[in-house]
Amino acid sequence: MRVPPTLSTVLGNLFKKPATNPFPKSDPVPVPEGFRGKLVYDVEKCVGCRLCITVCPAGVIEYVPEVRKVTFWLGRCTFCAQCVDVCPVNALSMSDEFLLATADKYDDNLRWFHGEEIEEFKRKLEEKKKARESFKKEARKAVESEG
Ligand code: SF4
Ligand code: SF4
């Protein structure tokens with residue numbers, strides 16, 4: 001009988017350790033440098049220029065005019081990083097995070113800067129504005145009383 005040429009390879013492999021990664025029992029395979037995972041947004045750095053909205057091919061980003069910031073729907077993101085490249089103040093970056101599965105497309109983990117956060121930001125802006133106005137008023141009074 002003719003022995004198949006691959007038999008020795010098959011028999012040899014039977015006694016080797018499996019070459020698979022049994023995730024989630026073990027850690028996932030490490031990602032390489034420059035990997036494009038979940039987008040990260042630094043709202044404090046953002047200057048509201050809207051360049052990211054212009055380049056995004058997937059309609060992920062919306063402008064919030066009241067606070068001159070942007071909000072993100074990451075469920076639509078294609079991880080292309082064009083917004084990261086175009087942002088002039090480095091308010092955007094790609095993280096290593098890729099385990100993003102969820103049963104809810106409105107999951108908080110897939111949003112940046114939304115709902116209560118926007119309201120909180122508006123409140124802070126309002127407080128700053130009031131503080132500025134009262135400072136100006138006090139300064140004016142002081143100048144008038146001196147004169
Ligand atoms: S990574 Fe690409 S798809 Fe995702 S928000 Fe940025 S520009 Fe849009
Ligand atoms: S490009 Fe950067 S600074 Fe401009 S709106 Fe987008 S995140 Fe903000």
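Whatever order the structure lists them in is the order used to number ligands and atoms, beginning at 1. These figures come from a predicted structure and were not determined experimentally.
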Centres of the Phe121 and Phe113 rings: under 6.0 Å?
->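 Yes, ring centres under 6.0 Å apart.
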
Does [X] use its side chain to pair, donor to acceptor, with the backbone of [Y] at less than 3.5 Å?
| X | Y | result |
| --- | --- | --- |
| Lys38 | Glu97 | no |
| Glu138 | Phe135 | no |
| Asp96 | Gly37 | no |

Any N/O/S atom of Cys52 sitting less than 2.8 Å from atom 8 (Fe) of ligand 2, backbone or side chain?
->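 Short answer: no, not a single N, O or S atom is under the cut-off.
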
Whether Cys80 has an N, O or S atom under 2.8 Å from atom 2 (Fe) of ligand 1 =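 Given the 2.8 Å cut-off, Cys80 counts as a ligand of atom 2 (Fe) of ligand 1.
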
Show me which atoms of ligand 2 lie under 4.0 Å from any heavy atom of [X].
| X | value |
| --- | --- |
| Arg50 | 4 (Fe), 5 (S) |
| Cys46 | 3 (S), 5 (S), 7 (S), 8 (Fe) |
| Val89 | 3 (S) |

Calculate, to the nearest 0.5 Å, the distance between atoms OG1 and CG belonging to Thr9 and Leu14 respectively.
->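 Going from the OG1 atom of Thr9 to the CG atom of Leu14 covers 11.0 Å.
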
Kindly indicate whether the side chain of Leu7, heavy atoms from C-beta on, has any atom under 4.5 Å from the side chain of Leu11.
->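 Leu7 reaches Leu11 side chain to side chain.
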
Which atoms from ligand 1 have a heavy atom of [X] less than 4.0 Å away?
| X | result |
| --- | --- |
| Val60 | 5 (S), 8 (Fe) |
| Cys56 | 3 (S), 5 (S), 7 (S), 8 (Fe) |
| Ala81 | 1 (S), 2 (Fe) |
| Thr78 | 3 (S), 4 (Fe) |

Should Arg123 and Glu126 count as an ion pair when the cut-off is N to O under 4.0 Å?
->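 No, this pair does not count.
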
Lys130 with Glu127: basic N within carboxylate O range, under 4.0 Å |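 A salt bridge is absent here (no side-chain N lies under 4.0 Å from a carboxylate O).
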
Name the closest protein heavy atom to [atom], giving the residue it belongs to and the distance to 0.1 Å.
| atom | answer |
| --- | --- |
| atom 2 (Fe) of ligand 2 | Cys87 SG, 2.3 Å |
| atom 4 (Fe) of ligand 2 | Cys49 SG, 2.3 Å |
| atom 6 (Fe) of ligand 1 | Cys83 SG, 2.3 Å |
| atom 3 (S) of ligand 2 | Val47 N, 3.4 Å |

Kindly assign one of parallel, tilted or perpendicular to the pair Tyr41 and Phe72, based on the angle between their ring planes and the thresholds 30° and 60°.
->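 Ring orientation, 0 to 90° scale: tilted.
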
Consider ligand 2: state whether an atom of it lies below 4.0 angstrom from any non-hydrogen atom of Val86.
->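 No; Val86 lies far enough from ligand 2 that no heavy-atom distance drops under 4.0 Å.
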
